[in-house]
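Keep in mind the model is a prediction, meaning the values are calculated, not measured. Side chains included, hydrogens not; waters and symmetry mates left out as well; all remaining heavy atoms used.
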Amino acid sequence: ELKVEQNPLFLSMQEGKNYTIYCNYSTTSDRLYWYRQDPGKSLESLFVLLSNGAVKQEGRLMASLDTKARLSTLHITAAVHDLSATYFCATSRGPGTYKYIFGTGTRLKVLA
Amino acid sequence: KAGVTQTPRYLIKTRGQQVTLSCSPISGHRSVSWYQQTPGQGLQFLFEYFSETQRNKGNFPGRFSGRQFSNSRSEMNVSTLELGDSALYLCASSFLGGYQETQYFGPGTRLLVL
């Protein structure tokens, strides 16, 4: 059974600091997705990672994928308050399938 | 371009009733997926439709069903509601449903079962 684990579950950090969220998954997969969810809102797609070694960056967020280690990371650089949200990773197996398995989410709070 | 829309946004039902939720994908998108989000179970995949056919299904009881119309709009139905069905139901659309594509999520329907 495919499982996805994120850590930490909660993260409180000061503005200007760097931190990394980790996403481990249990079986072979070559695709990994990161989403952001603001309180009471829907999900917003951040990154789609489709191969081993893939790295994508958008603003203060950078995501990477290591399929051999079954690990993806979401690195936050010089955090700002606007990044406060819950971040989910997800993966799936098989072509053309959206049978995504989501991680538990990491609730990030950036303190001024 | 209009985003994914879901109706209704909020719904209160009682146990035993049934409910139908609607999702209109982004124009041109043919794949629609449904997810259930609860504090206890997190985000769980319900099913995916493409060109009016169910292509993938999650591990939910048969009380949960869905369909897709020729215009790609989708509905999901939950019969014989239980308290545990209280959740945020999200739908997401993409052009072809390929794994390399970005999914676009709607605002969700928040269902409360009393």
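- For A:Tyr22, the OH atom counts as loosely surrounded, since its 6.0 Å shell holds 12 or fewer non-hydrogen atoms of other residues, nucleotides or ligands.
- The main-chain N or O of B:Gln103 is never found under 3.5 Å from a side-chain atom of A:Ser45 such that the two would form a donor-acceptor pair.
- Nearest heavy atoms, B:Phe105 versus A:Leu43: CB-O, 3.4 Å.
- Atom CZ of B:Phe60 is surrounded by more than 12 heavy atoms from other residues, nucleotides or ligands within 6.0 Å.
- Separation of atoms CD (B:Gln41) and CZ (A:Phe102) is listed at 15.0 Å; rounding is to 0.5 Å.
- Only the side chain of B:Leu90 comes within contact range of chain A, with at least one heavy atom under 4.5 Å from a heavy atom of that chain.
- A:Met62 CE: 12 or fewer foreign heavy atoms inside a 6.0 Å radius.
- Within a 6.0 Å sphere centred on CZ of A:Arg107, heavy atoms belonging to other residues, nucleotides or ligands number 12 at most.
- Heavy atoms of B:Leu46 lying under 4.5 Å from chain A are absent altogether.
- Heavy-atom contacts from other residues, nucleotides or ligands closer than 6.0 Å to CD of A:Glu15 number more than 12.
- Atom CZ of B:Arg9 has more than 12 heavy atoms from other residues, nucleotides or ligands within 6.0 Å.
- Using the six-membered ring where Trp is involved, A:Tyr100 and B:Tyr35 have ring planes that are tilted, between 30° and 60° apart.
- Counting heavy-atom neighbours within 6.0 Å of A:Lys41 NZ, excluding the residue itself, gives a total of 12 or less.
- A:Leu50 touches chain B through its side chain: at least one heavy atom from C-beta onward sits under 4.5 Å away, while N, CA, C and O do not.
- In terms of non-hydrogen atom pairs under 4.5 Å with chain A, the most contact-rich of B:Pro107, B:Ala92, B:Gly42 is B:Pro107.
- Neither the backbone nor the side chain of A:Phe47 comes within contact range of chain B; no heavy atom of the residue lies under 4.5 Å from a heavy atom of that chain.
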